[in-house]
Amino acid sequence: MIKKTLTSVLSALAIAGVVSTVSTPSQAAGGAEIPSQSWSWNGPFGTFDRAALRRGLQVYAEVCSSCHSLDLVHYRDLGNIGFSIDEIKAFAIDYEVEDGPDDEGEMFTREAKPADRFVGPFANEQAARASNGGAYPPDLSLMTKARKNGANYIYALLTGYEEEAPDGVVLMDGMNYNHYFPGNQIAMAPPVDDDYVEYADGTSTSKEQIAHDIVTFLAWTAEPELEERKSLGLKVMIFLVVLTGMLYGLKRKIWAKLH
Amino acid sequence: MSSSPIEFKNPVLKWVEYRLPVFSFIDSSVGGSYPAPRNLNYWWNFGSLAGIILAVMVATGIVLAMHYTAHVDYAFDSVERIMRDVNYGWLIRYIHMNGGSMFFICVYIHMFRGMYYGSYKEPRELLWIIGVFILLAMMATAFLGYVLPWGQMSFWGATVITSMFSAIPYVGDALVTLLWGGFSVDNPTLNRFYSLHYLLPFVLFGLVFVHLWALHVHRSNNPLGVEAREPEDFIPFHPYYTIKDLFGMGVLLIFFLGFVFYAPNFFGEPDNYIEANPMVTPAHIVPEWYFLPFYAILRAFTADFFMYWPVAWLMSAKLAGVLAMFAATLILVLLPWLDTSKVRSNKFRPINKQFFWIFVADCLLLGYIGAKPAEGNFIIIGQIATFYYFFHLVVLVPLIGILERPKPIPESISTAVIKSAE
Amino acid sequence: MVSSADAALSTSDSDEKSRRDFLLVATSTIGGLGMALAAWPLIHSMNPAKDTLALSTTEVDLSPIEKGQSITVVWQGKPVFVRHRTADEIEQARSVSNDDLADPESDEDRVQKAEWLIMVGVCTHLGCIPLGQKSSEPKGEFGGWFCPCHGSHYDTSGRIRKGPAPKNLAVPGYVFLDDTTVKIG
């Protein structure tokens with residue numbers, strides 16, 4: 001009896017442990033609970049909202065790209081989310097790529113082509129730090145996968161700034177107060193605000209909408225395979241369920257005489 | 001039953017069989033001429049499932065190796081190129097990534113099954129011991145593979161694990177330098193890890209072959225733990241267990257590919273999507289989930305841990321932790337002799353059965369502690385759980401074997417299974 | 001044991017048996033199909049990846065190439081010869097009769113604009129790169145290109161005239177985007 005009780009106590013302990021991992025906020029160093037947003041790509045059938053992706057690219061190009069690179073994405077990748085080749089060429093042509101050496105051994109710059117990676121704002125990490133007071137604006141390509149609860153976290157971060165730090169909090173020089181950043185002090189100045197961009201499709205340019213659009217875009221840059229993955233997954237799952245059902249039927253039939 | 005070789009009508013099969021008896025070999029290994037106990041339950045599926053995953057890992061791994069670049073400047077980008085540009089690269093990589101977790105799930109269940117039903121007992125001690133070495137080879141392979149994407153967890157995991165060897169007296173530092181091929185984890189380390197990650201699965205194959213060889217000598221144990229002797233105790237492996245294993249494979253694939261397609265990063269750490277940076281350590285370094293219990297044992301050894309006191313005069317707490325971690329696996333080699341009971345299956349061991357489940361809970365608890373930061377109560381709970389892990393294996397198991405009065409065991413499988421069905 | 005297996009395999013009820021056989025055939029078919037489909041991603045992953053395909057066309061600016069000069073550009077990992085031919089070379093190429101050619105092809109069929117000869121610079125014998133792009137290099141007996149590996153001579157239209165190569169140098173697909181820009185591939 002005692003052992004039985006002990007067993008159940010210990011297993012309860014273990015289960016409680018597993019459950020509490022899920023509910024404990026991971027930001028041990030400070031930072032509020034991250035509220036969940038509803039995203040178009042959530043769920044087994046989710047896809048990226050194409051209009052939001054277009055607006056998000058605009059936000060990246062007009063706002064984020066002055067500090068953050070997007071090294072893992074190529075201009076040609078925009079073809080996968082509905083941009084025509086002419087649109088891609090027209091977008092890329094605004095950026096300059098260093099190429100070479102030419103026949104004289106000199107490096108030269110040329111207009112970016114669809115096959116090029118997104119051109120970043122800085123030549124290297126040192127240059128980036130020098131322009132940003134020592135802080136390094138990280139590459140955004142994988143950001144939604146590189147943070148816990150990535151999409152919700154970035155949305156919360158972008159909209160979670162406070163103009164004044166709460167009483168009792170002393171901000172370090174050049175730092176800003178953010179509810180959701182671990183430690184609450186972040187070097188990045190509030191990157192988006194109402195009407196920071198102008199949308200051609202007439203969508204509202206509230207801070208929340210801008211944050212929503214850029215997060216959608218970054219979710220795509222992090223997981224460009226997401227739509228293909230989910231649609232192939234559905235077919236594979238249906239196939240496997242059918243096959244496994246048949247295997248089970250066969251197993252029952254073969255074993256029937258034994259029992 | 002296996003004495004009568006199968007006859008082939010097809011002249012090609014006949015021709016080959018006469019020169020190389022490969023078909024009768026298959027038939028006597030996994031075919032109709034291999035007798036298996038008739039009462040194996042679904043827990044016996046996990047050995048073959050682990051084998052299937054090994055094959056999947058090798059197939060996807062070979063293709064990934066065609067696209068991967070083992071250089072600190074290109075490794076991270078080459079993995080992302082696989083994810084973005086290579087045809088179905090994302091699928092192959094996610095299968096390989098999640099396949100590691102599936103492999104450990106199957107093998108851990110397989111091991112606990114062996115423990116519950118006493119499969120390690122005479123005459124299957126070597127079969128069990130080879131299994132422990134398979135686990136060790138898997139751990140090494142998994143650890144090496146996790147370094148290859150060259151993310152933050154790859155780098156810092158490699159740094160932490162290799163640094164453990166510095167605890168060895170006198171030669172530790174020289175050994176770590178040798179492992180690294182330099183003075184920190186760097187390009188030479190990545191290259192040798194890649195080479196070894198490709199090599200070790202073949203060692204695994206070899207071990208699995210020997211494991212199966214040993215299995216075929218005395219054949220499977222069974223849920224009753226009573227040796228199958230009478231003809232009625234057996235059924236042919238094919239078609240009974242081939243179809244059962246195939247059905248099990250279907251269920252496994254639904255589970256496995258469910259993660260691949262719908263939660264591919266469930267078992268992963270976000271930090272590994274940040275490229276390795278030797279100047280910045282992530283806030284929490286956690287190993288992959290399948291190492292967490294061992295990680296908890298490693299960290300349990302601090303200067304004030306009572307298990308450390310007896311050896312404090314001899315070694316540092318760090319070394320004691322490293323040794324305890326390895327001992328946690330290697331002690332399983334001794335399990336056939338630590339268990340003093342003549343009865344195999346826990347079906348007939350009421351006391352030991354309770355303690356088996358406590359031991360399982362203790363292992364889960366260690367896994368939970370391994371994922372938590374080493375602070376406050378987590379340290380104390382981890383130390384108690386670590387103590388209990390060894391206490392169970394070294395003290396409780398031998399003692400229960402002597403003191404426990406087992407329930408009456410049936411004469412044979414057929415009396416228990418067939419009679420009870422009638 | 002064999003007897004119990006036989007008992008399991010041969011049921012007295014033949015209807016039951018045929019139903020199992022049908023299920024066996026159907027399941028094997030679907031399972032085999034699944035195996036074949038599962039192999040496809042592994043095989044297809046070895047085909048050119050998206051980054052490779054993205055570089056499958058090359059745009060060349062012709063404006064800096066003087067008459068009588070050649071440049072070599074890389075297209076799909078292979079050298080492509082672009083030669084701004086002189087009137088002499090064109091004349092030479094067009095005056096040859098088909099009877100003298102191992103691989104008969106008129107010069108008009110090999111160029112879109114007479115002064116621009118564009119072809120893949122890979123010898124059709126065993127894949128070496130012929131010489132003749134630079135003025136310092138040997139051009140062979142027919143004033144075009146000469147392959148040093150096994151001595152194939154190509155004329156000013158890149159046609160094989162002497163030596164072991166079986167075919168003329170290949171002409172890739174290309175279009176003139178404007179007077180001085182050509183897109184290969």
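The analysis underlying the following values was restricted to heavy atoms, covering all of them including side chains, and did not include hydrogens, waters or symmetry mates. Just so we're on the same page: letters track the sequence lines, and every chain starts at 1.
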Which atoms of [X] come close to chain A, meaning under 4.5 Å heavy atom to heavy atom: side chain ones, backbone ones, both, or neither?
X      : value
B:Q152 : neither
B:N272 : neither
B:V360 : neither
B:F76  : side chain
B:L246 : both

Which atoms of [X] are under 4.5 Å from chain B, going by heavy atoms: the side chain, the backbone, both sets, or neither?
X      : value
A:P224 : side chain
A:L243 : neither
A:L226 : neither

Centroid-centroid under 6.0 Å between [X] and [Y] rings:
X      : Y      : result
B:W289 : B:Y368 : no
B:F267 : B:Y290 : no
B:F259 : B:F255 : yes
A:W41  : A:F48  : yes

Interface residue of largest heavy-atom contact number with chain B, from [options], under 4.5 Å:
options                     : result
A:L247, A:D139, A:V241      : A:L247
A:D71, A:T221, A:D77, A:N80 : A:T221
A:R76, A:M246, A:H74        : A:R76

Review point. So, A:W39 and A:N152: side-chain donor and acceptor under 3.5 Å apart, yes or no?
Key: yes
Exercise for review: Would you mind checking if B:E404 and B:R349 are paired as a salt bridge, meaning a charged N to carboxylate O distance below 4.0 Å?
Suggested key: yes
Exercise for review: Answer yes or no: is there an ion pair linking B:R38 with B:E232, defined by an N-O contact shorter than 4.0 Å?
Suggested key: no
Review point. Any idea which of B:G248, B:G151, B:P264 has the most non-hydrogen atom pairs under 4.5 angstrom with chain A?
Key: B:P264
Point to revise | side-chain hydrogen bond (donor to acceptor under 3.5 Å, both in side chains) evaluation trace for B:S414 with B:D233 | key: CA-CA 5 Å; B:S414 45; B:D233 294 345; 2.8 Å; yes
